[in-house]
Number of protein chains: 2
Amino acid sequence: MPAERTRSTGRDRLRDSALAGDLSFLLARANALALAAANAALATHGLKARSYSVLALAADDVRPTQRELAEFLRLDPSQVVALVDGLEQRHLVERHADPADRRANVLVATDAGRALFARARDAVRAVGIDSLSVVPAQDRARLARLLRLLAFPD
Amino acid sequence: MPAERTRSTGRDRLRDSALAGDLSFLLARANALALAAANAALATHGLKARSYSVLALAADDVRPTQRELAEFLRLDPSQVVALVDGLEQRHLVERHADPADRRANVLVATDAGRALFARARDAVRAVGIDSLSVVPAQDRARLARLLRLLAFPD
DNA sequence: CTGAATAATTGACATTCTCAATGGTTCGTG
DNA sequence: CACGAACCATTGAGAATGTCAATTATTCAG
């Protein structure tokens, strides 16, 4: 085996490329890794990152309308319909008529939904802490703050 | 119109939710915005973020194999086949037999590929600078460094 | 030399994305 | 109040992506 040679493995060549310095690329790759880890942790609870996010907002008493969910999660409204359908059929959330606007549905978690969310959240936290271990503790708050600027530019 | 009332619009309620503080969520949303902006900028060049990334690595003389591309871009190898097929049919890249391993294809950009990449890169840079304008200039290098830790944890 | 592992490819299938159209509701304006 | 424009949720269709198993050619370890 080559022991101490040119130090230019294919992996290093890729990581030293111009693309690897691109913020959008780093964002995409970091997201892909985080998403895979989250989905793996959520699988045992019958959830994915998407359904987990919806359940989280419902369980947090945010009372979002489907339209708000679509904008917040960057989904097409029709995808939110399917997502809520799935959660509602499992009796984890309910569509409540919005008293202020009868066109809109407000999403509310059931007791079962809150219970499942609590368990799922613990699982997600475990892998989240694990992934975050690579970034120094003192930088984590700053990273979150900077990411928030990109996630909510307005 | 409500002028100065409860200050609790649906948007604010969502942004103040626990989910909005989650790093994975911020990553997902920031990535969704960056991806949409990049795709919009690339559309006029007949590229998307995926094909742009492949072209970028080929044009940068990284000479990646398809297997390396799959790992780097977090794609299934079969998706890389389709991606490279598309670029090769447009004569932007070529599959070269890897002299060191005849199972592998090394990806090389054609002159046309390099020319198109140069134009596409200018377009994505323009929107990249625009998106980055929300994060203070002195924080940008730090953000990239922290994101790199998440994107390449090993 | 032989068998296990790997790179690329194909094909099948599931999931997700993107759009256009629809019914019911709200809102601004006359 | 009546009108039409805008908006919310929903459905459905078709494209794009993701996932996985099987195949061929090649490399590698023993």
Side-chain angles (χ1 to χ4, degrees), chain A residues 1-2 9-11 14 28-29 31-33 35-36 38-40 42-43 46-54 63-89 93-108, chain B residues 1-2 9-11 14 28-29 31-33 35-36 38-40 42-43 46-54 63-89 93-108:
Chain A
M1 65 182 72
T9 66
R11 208 184 72 164
L14 284 158
R29 194 175 150 109
N31 178 53
L33 294 178
L35 191 61
N39 279 335
L42 288 167
L47 294 172
K48 299 186 182 183
R50 288 282 168 78
S51 41
Y52 172 80
S53 299
V54 173
R63 300 183 65 83
T65 68
Q66 295 182 200
R67 180 71 182 76
E68 287 169 339
L69 280 176
E71 196 288 327
F72 196 60
L73 303 177
R74 299 255 90 195
L75 297 174
D76 189 273
S78 62
Q79 292 179 274
V80 176
V81 170
L83 224 33
V84 173
D85 280 351
L87 293 171
E88 195 171 38
Q89 278 161 25
V93 303
E94 288 172 352
R95 287 173 162 101
H96 287 190
D98 185 344
D101 185 343
R102 285 190 304 163
R103 289 171 303 182
N105 294 331
V106 153
L107 222 63
V108 179
Chain B
M1 64 180 74
T9 65
R11 208 185 72 164
L14 285 159
R29 194 176 149 107
N31 177 54
L33 295 178
L35 190 61
N39 279 335
L42 288 167
L47 293 172
K48 299 187 181 183
R50 288 283 166 77
S51 42
Y52 171 79
S53 299
V54 172
R63 300 182 66 83
T65 68
Q66 294 182 201
R67 179 74 181 74
E68 288 169 338
L69 280 176
E71 196 289 326
F72 196 60
L73 303 177
R74 298 254 95 196
L75 297 174
D76 188 273
S78 63
Q79 291 179 275
V80 175
V81 170
L83 224 33
V84 173
D85 280 352
L87 292 172
E88 196 171 40
Q89 277 162 26
V93 302
E94 289 170 352
R95 287 172 162 102
H96 287 191
D98 185 342
D101 184 345
R102 286 190 304 162
R103 290 171 302 182
N105 295 331
V106 152
L107 221 64
V108 178

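Reminder, nothing fancy here: chain letters follow the sequence lines and each chain counts from 1. As a basis for the values below, the full set of heavy atoms in this structure was taken, side chains included, without hydrogen atoms, waters or symmetry mates.
In this structure, the nucleotide among D/dG18, D/dT10, C/dA8 sitting nearest to the side chain of A/Val81 is D/dT10. The B/Ala104 side chain lies nearest to C/dA7 when the options are D/dT10, D/dT17, C/dA7.
Donor-acceptor pairing under 3.5 Å, judged by distance alone, is present between the side chain of A/Ser78 and the base of C/dC19. Judged by distance alone, with hydrogens and angles left aside, A/Arg103 brings a side-chain donor or acceptor within reach of the base of D/dC7, the pair sitting under 3.5 Å. At a cut-off of 3.5 angstrom, the base of D/dC8 holds no donor-acceptor pair with the side chain of A/Thr65.
Shown here for A/Asn31 and B/Ala28, the closest heavy-atom pair between the two residues is OD1-CA, 3.3 Å. Heavy atoms only, all atoms of each residue included: B/Ser51 and B/Leu87 are closest at O-CD1, 3.9 Å.
Under a 3.5 Å cut-off, the side chain of B/Arg29 and the backbone N or O of A/Phe72 do form a donor-acceptor pair.
Considering only heavy atoms from C-beta on, B/Leu75 comes within 4.5 Å of B/Arg50 through its side chain. Annotation: side chain of B/Arg95 is in contact with side chain of B/Leu107 (closest heavy-atom distance under 4.5 Å).
As a whole-Å value, the separation of A/Leu75 CG from C/dC19 P is 14 Å. In this entry the distance linking CG of B/Leu35 with C1' of C/dT16 reads 14 Å, nearest Å. Rounded to an integer number of Å, the gap from B/Asp85 CG to C/dA8 P is 13 Å. The interatomic distance linking B/Glu71 (CD) with C/dT6 (P) rounds to 14 Å, in whole Å. With rounding to whole Å, B/Arg95 atom CZ is found 12 Å from C/dA7 atom C1'. One interatomic measurement links the two molecules: CG of A/Leu83 to C1' of D/dT10, which rounds to 15 Å at whole-angstrom precision. One interatomic measurement links the two molecules: CZ of A/Arg102 to P of D/dT10, which rounds to 16 Å at whole-angstrom precision. Atom CD in A/Glu88 sits about 13 Å away from atom P in D/dA9, given to the nearest Å.
If you find the closest nucleotide of DNA chain C to A/Asp98 and to A/Gln79, the one lying nearer the 5' end belongs to A/Gln79. If you find the closest nucleotide of DNA chain C to A/Pro99 and to A/Asp76, the one lying nearer the 5' end belongs to A/Asp76.
Side-chain nitrogen and oxygen atoms of B/Lys48 include at least one within less than 4.0 Å of the OP1 or OP2 phosphate oxygen of D/dT17.
Heavy atoms of A/Arg74 sit nowhere under 4.0 angstrom from any nucleic acid atom. Residue A/Asn105 is classed as a sugar-phosphate contact, given heavy-atom separations below 4.0 Å to backbone atoms only.
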